[in-house]
Enquirer: 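The following block contains the structure, expressed as structure tokens.
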Amino acid sequence: MATRLRGEHGLPIRLTIASVTVVTLTIPFMLLLVLAKLPLNPLDARVAHDLHVYARANPLATDLLIVWTDVFGPWSWRAVVLVLAVWLWRRRREGAALWAVTTIVVGGLVGWLLKIIVDRARPSLPDPVALAPGMAFPSGHALHATLGAGILLLLALPHLPAWGRAAAWAGAVFMIVTVSYTRVALGVHWVSDVLGGVVLGVAVLAATVAAFETWRRQQGRKRASPHLEGVEPEAVRTGHDRY
């Protein structure tokens, strides 16, 4: 155990540095995305209006959206990733556990920081069907759905056949799109808010996956294609969780 922990000692630092570096490079882009569209752009305004009208006219559909957005909110994803990380650690897969926790924590912190920096107000609609606290950009629900679904996907891929991998990718995309949709349909975010959340989530995932892959190579493991093999393909090499 001591040798294993020494080999992974630098992984949390490597993951954090890579995440912050890549995400920092995306911040100017996302700031420009919002600032360039102020005052409110026609797309955000039109979509918000049309979906609000639909939500008011279809209370049953609105109730289902509220349930979906609550069930798959940020705290649900954090809890799932934490439980998964504990399970991975107990299975002696410390590297994957550290990667998962770092990804969800760094992504959440950067999203929170961006909300403060951008300070964009949420939609103000007549007779709203839902309310949410805090600032609008980026959407925390869209961000955490992207991070959470991405983490689960990249850990599951090594254990799936080819058709299962395609299904897993489709499921992850479905989750991200539907959660993002609920935020706009309920009138608590603009379209650009959820797009910003998804972009940020993808950036954090790309950064931490790259850092984890670099660490794997330094440990003498073969190059992997994370989008096909996940972040830890050697986990199933011998039919056990530990390589």
Side-chain angles (χ1 to χ4, degrees), residues 16 19-20 22-24 26-41 43-52 54-56 62-82 101-151 175-205 207-208:
T16 302
S19 302
V20 172
V22 174
V23 173
T24 297
T26 70
I27 288 177
F29 164 76
M30 287 187 291
L31 287 174
L32 289 173
L33 176 66
V34 175
L35 296 176
K37 294 179 178 293
L38 294 178
L40 186 62
N41 65 84
L43 174 63
D44 277 339
R46 179 61 181 271
V47 172
H49 173 269
D50 290 350
L51 289 181
H52 182 62
Y54 180 84
R56 294 300 309 165
T62 300
D63 289 342
L64 292 176
L65 292 176
I66 293 174
V67 171
W68 191 262
T69 201
D70 288 343
V71 170
F72 296 105
W75 281 107
S76 297
W77 291 111
R78 292 166 188 155
V80 168
V81 171
L82 178 60
V101 171
T102 301
T103 300
I104 199 79
V105 170
V106 169
L109 288 175
V110 174
W112 171 76
L113 180 61
L114 274 174
K115 281 182 178 287
I116 295 176
I117 294 173
V118 177
D119 194 29
R120 189 187 199 190
R122 293 179 183 271
S124 178
L125 301 169
D127 198 11
V129 298
L131 297 173
M135 296 295 102
F137 185 92
S139 165
H141 278 68
L143 168 61
H144 282 83
T146 304
L147 294 173
I151 290 169
M175 185 61 63
I176 294 167
V177 170
T178 55
V179 171
S180 298
Y181 174 79
T182 65
R183 307 310 288 165
V184 182
L186 291 173
V188 293
H189 276 294
W190 308 107
V191 172
S192 52
D193 296 337
V194 298
L195 290 177
V198 173
V199 169
L200 177 59
V202 171
V204 174
L205 282 167
T208 60

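A quick note: this is a predicted structure, and the numbers were derived from the prediction, not measured. Only this structure's heavy atoms are used, side chains among them; waters, hydrogens and symmetry mates stay out.
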Enquirer: Quick one: OG1 on T178 to CZ on F72, what's the gap to the nearest 0.5 Å?
Expert: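 Reported to 0.5 Å precision, the distance equals 7.5 Å.
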Enquirer: Roughly how far, to the nearest 0.5 Å, is OG of S139 from CZ of R183?
Expert: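 Between R183 CZ and S139 OG, I get 6.0 Å after rounding to 0.5 Å.
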Enquirer: Do you know which two heavy atoms are closest between A142 and V194, and how far apart they sit?
Expert: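 In terms of heavy atoms, the two residues are closest at CB-O, 3.6 Å.
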Enquirer: CG of L65 to OG1 of T182: how many Å apart, nearest 0.5 Å?
Expert: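 With rounding to 0.5 Å, CG (L65) is 6.5 Å from OG1 (T182).
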Enquirer: Indicate the atoms forming the closest heavy-atom contact of L143 with G111, along with that distance.
Expert: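 What the structure gives for the nearest pair is CD2-CA, 3.8 Å.
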Enquirer: Please report the closest heavy-atom contact between A136 and D193, naming both atoms and the distance.
Expert: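 So the minimum-distance heavy-atom pair works out to CB-OD2, 3.2 Å.
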Enquirer: Any side-chain heavy atom of W77 sitting closer than 4.5 Å to one from I151?
Expert: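 A side-chain contact under 4.5 Å is absent here.
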Enquirer: Do T208 and T103 get their side chains close enough for a donor-acceptor pair, meaning under 3.5 Å?
Expert: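 Per modelled atom types, T208 and T103 side chains form a pair under 3.5 Å.
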Enquirer: For V198 versus S180, what's the shortest heavy-atom pair and its separation?
Expert: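 So the two residues come closest at CG2-OG, 3.8 Å.
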Enquirer: Check whether any side-chain heavy atom of S192 sits under 4.5 Å from a side-chain heavy atom of R120, and report yes or no.
Expert: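 Side-chain contact under 4.5 Å: yes.
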Enquirer: Would you say the side chain of M135 lies within less than 4.5 Å of the side chain of W112, judging by non-hydrogen atoms?
Expert: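 In short, these two side chains do not touch, never coming nearer than 4.5 Å.
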Enquirer: Heavy atoms only: give me the nearest V184-W190 pair and the separation to one decimal.
Expert: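 In this case the closest contact between V184 and W190 is CG2-O, 3.9 Å.
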Enquirer: Would you name the heavy atoms of A145 and I176 that are closest together and state the gap between them?
Expert: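 Closest approach of A145 to I176: O-CG1, 3.8 Å.
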Enquirer: Say you draw a straight line from CH2 of W75 to NE2 of H144; how long is it, rounded to the nearest 0.5 Å?
Expert: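 The NE2 atom of H144 is 8.5 Å from CH2 of W75, to the nearest 0.5 Å.
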Enquirer: To the nearest 0.5 Å, what is the distance between CZ on R122 and CG on L131?
Expert: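 It comes to 9.5 Å.
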Enquirer: Calculate, to the nearest 0.5 Å, the distance between atoms OG1 and NE2 belonging to T146 and H141 respectively.
Expert: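 Separation between the atoms: 12.5 Å.
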